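The structure appears below as structure tokens.
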Amino acid sequence: MQEQTQIFGIRAVIEAVNAGETIDKVFLQKGLKGELFSELESVLNRNSINKSYVPVEKLNRLTNKNHQGVVAQISPIEFHDLETLVLNVMESGKTPLFLLLDQLSDVRNFGAIIRTAECTGVDGIIIQKKGGAPVNGDTIKTSAGAVFKIPICKVDHIKDAVFYMQSSGIKVIAATEKTDDTLYDTSFTEPCAIIMGSEDRGINPSILKVVDAKAKLPLLGEIESLNVSVACGAFLYEAVRQRLTIDQ
């Protein structure tokens, strides 16, 4: 899987971007210079592709091939357009349930969340183009293949997705400990989108300021937080429980 989701070499990556390949992230060797390398940087910037400057040792660990200072991770899936996805779900007649991930960084957590989201009927997952976990071999394995069964959208900023959801009549609920309301006090029966934060920082404070509701999980032990994929599962299944109760 790793070899299938990687390309390397400056010219090869430029051609892949220009050909419309779905690229998650490009690793560039620190200190590399030259006309062709500058062209690559311009192409990546123009297409808003996530890039990271790393030591050559990192690139050598990614591949033992002649990488020329550049290794790109190709996404094994095609990403969906957010506006088209939301419109299609709204027109389908079902009550939408979306999941927004604010720069979740661990690929295994990402894969586990995708698996749970598919099992709970989530209509789509929205991630940010930069700063989040890629869709790679580990993601696919941990998701048990669910990554191929649920639409995933990439946006420039999660806050943009929040505003678009709200303008479409979708309630945005943040999963955060910075509230007195638990998820059991919160209604998930109307069209809604749940935001989960990153493993170390949680949800960005600027996003918390614009959401429609906040909800937390009650923690009865001494540890102050749950793994984000476990917390996400609790939120999604509470949404399922509430919606099933109404349908009965």
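All values reported here derive from a predicted model rather than from experimental measurement.
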Please tell me if the side chains of I140 and P76 come closer than 4.5 Å, counting only heavy atoms from C-beta onward.
yes
To the nearest 0.5 Å, what is the distance between CD1 (I74) and CD (E21)?
4.5 Å
Any link between L85 and L97 through a network of hydrophobic side chains (Ile, Leu, Val, Met, Phe, Trp, Tyr) touching at under 4.5 Å?
no
For a quick test of reading the model, state the closest non-hydrogen atom pair linking L100 to A161 and the distance between them.
CD2-CB, 3.9 Å
Donor-acceptor pair, side chain of Q29 and main chain of H67, under 3.5 angstrom
no
Taken to the nearest 0.5 Å, the spacing of F188 CZ from Y237 OH works out to 15.0 Å
Heavy-atom closest pair (I49 atom, V26 atom, distance to 0.1 Å) is CG2-CG2, 4.0 Å
CA sep, side-chain torsions, deciding dist, call: K214, D181, salt bridge (Lys or Arg N to Asp or Glu O under 4.0 Å)
CA-CA 7 Å; K214 302 173 188 176; D181 297 324; over 6 Å; no
Can you list the other members of the hydrophobic cluster that holds V56, where links are side-chain heavy atoms under 4.5 angstrom apart?
none
Would you say S187 and K171 make side-chain contact, with heavy atoms under 4.5 Å?
yes
L217 to A234 - nearest heavy-atom pair and separation
CD2-CB, 3.7 Å
Has K94 got more than 12 heavy atoms of other residues, nucleotides or ligands less than 6.0 Å from its NZ?
yes
Out of D24, D156, D160, which one pairs with K129 under the salt bridge (charged side-chain N to carboxylate O under 4.0 Å, His left out) rule?
D156
Using only heavy-atom distances, determine whether the side chains of S105 and E199 contain a donor-acceptor pair under 3.5 Å.
yes
Please round to the nearest 0.5 Å and tell me the distance separating atom NZ of K149 and atom CD of E118.
6.5 Å
So if you build clusters from Ile, Leu, Val, Met, Phe, Trp, Tyr with side-chain heavy-atom gaps below 4.5 Å, do L101 and I173 land together?
yes
Is atom NE2 of H157 surrounded by more than 12 heavy atoms (other residues, nucleotides or ligands) closer than 6.0 Å?
no
Shared ILVMFWY cluster between V86 and I158, side chains joined below 4.5 angstrom?
yes
Decide salt bridge (Lys or Arg N to Asp or Glu O under 4.0 Å) for E57 and R61; before the verdict, give the C-alpha distance in whole Å, the side-chain angles of both, and the deciding distance to 0.1 Å.
CA-CA 6 Å; E57 291 80 8; R61 288 195 297 270; over 6 Å; no
Enumerate, atom names and distances included, each donor-acceptor pair closer than 3.5 Å involving a side-chain atom of residues 200-208, sequence neighbours excluded.
| from | atom 1 | to | atom 2 | distance (Å) |
| --- | --- | --- | --- | --- |
| D200 | OD1 | S198 | OG | 3.2 |
| N204 | OD1 | S206 | N | 2.9 |
| N204 | OD1 | S206 | OG | 2.7 |

Of all heavy-atom pairs linking A193 and I170, the shortest is N-CG2, 3.7 Å
One pair to check against side-chain hydrogen bond (donor to acceptor under 3.5 Å, both in side chains): T22 and E78. What are the steps and the verdict?
CA-CA 7 Å; T22 304; E78 289 293 329; 3.3 Å; yes
With a 4.5 Å cut-off on side-chain heavy atoms, are L104 and I127 touching?
no
Check against side chain to side chain contact (heavy atoms under 4.5 Å, CB included), T84 and N88
CA-CA 6 Å; T84 302; N88 289 341; 3.6 Å; yes
Roughly how far, to the nearest 0.5 Å, is CG of L62 from CZ of F8?
11.0 Å
Side-chain contact, heavy-atom cut-off 4.5 Å: F110 with V147?
no
Quick check against the 3.5 Å criterion: does T186 have a side-chain atom that pairs as donor or acceptor with the backbone of T182?
yes
Side-chain contact test, heavy atoms from C-beta onward, threshold under 4.5 Å: evaluate it for C232 versus L99 and give yes or no.
yes
Test your reading of the model: is there a side-chain donor-acceptor pair from D212 to the backbone of V172, 3.5 Å cut-off?
yes
Close side-chain approach of Y184 and P218, heavy atoms under 4.5 Å
yes
Taking C-beta and beyond as the side chain, do F79 and V135 meet within less than 4.5 Å on heavy atoms?
yes
Can V122 be reached from M165 by stepping across I, L, V, M, F, W or Y side chains whose heavy atoms are under 4.5 Å apart?
no
I'd like to know if the side chain of T116 and the backbone of A112 have a donor-acceptor N/O pair within less than 3.5 Å.
yes
I'd like a table of donor-acceptor pairs (distance under 3.5 Å, sequence neighbours excluded) in which one partner is a side-chain atom from residues 30-42, with atom names and distances.
| from | atom 1 | to | atom 2 | distance (Å) |
| --- | --- | --- | --- | --- |
| S38 | OG | G34 | O | 3.1 |
| E41 | OE2 | Y53 | OH | 2.5 |
| S42 | OG | S38 | O | 3.1 |

Between atom CG of L28 and atom OG of S52, what is the distance when rounded to the nearest 0.5 Å?
8.0 Å
Sub-3.5 Å donor-acceptor pair from the side chain of Q6 to the main-chain atoms of Q73, do we have one?
no
Heavy-atom pair of closest approach, residues D106 and N109
OD1-N, 2.9 Å
Is a side-chain N or O of T139 found less than 3.5 angstrom from the main chain of P134, in a donor-acceptor match?
yes
Polar side-chain atom of T120 near backbone of A117 as donor-acceptor pair, under 3.5 Å:
yes
Side-chain donor/acceptor of R243 to backbone N/O of T95, under 3.5 Å
yes
Atom CG in L236, atom CD1 in I194: separation rounded to 0.5 Å?
5.0 Å
Do M90 and L82 belong to the same hydrophobic cluster, where Ile, Leu, Val, Met, Phe, Trp and Tyr are linked whenever their side-chain heavy atoms lie under 4.5 Å apart, directly or via other members?
yes
Over all atoms of both residues, closest heavy-atom pair of T176 and K216
O-CB, 3.1 Å
Flag this pair as yes if the NZ/CZ of K58 is under 6.0 angstrom from the six-membered ring centre of F27 and inside a 45 degree cone about the axis; otherwise no.
yes
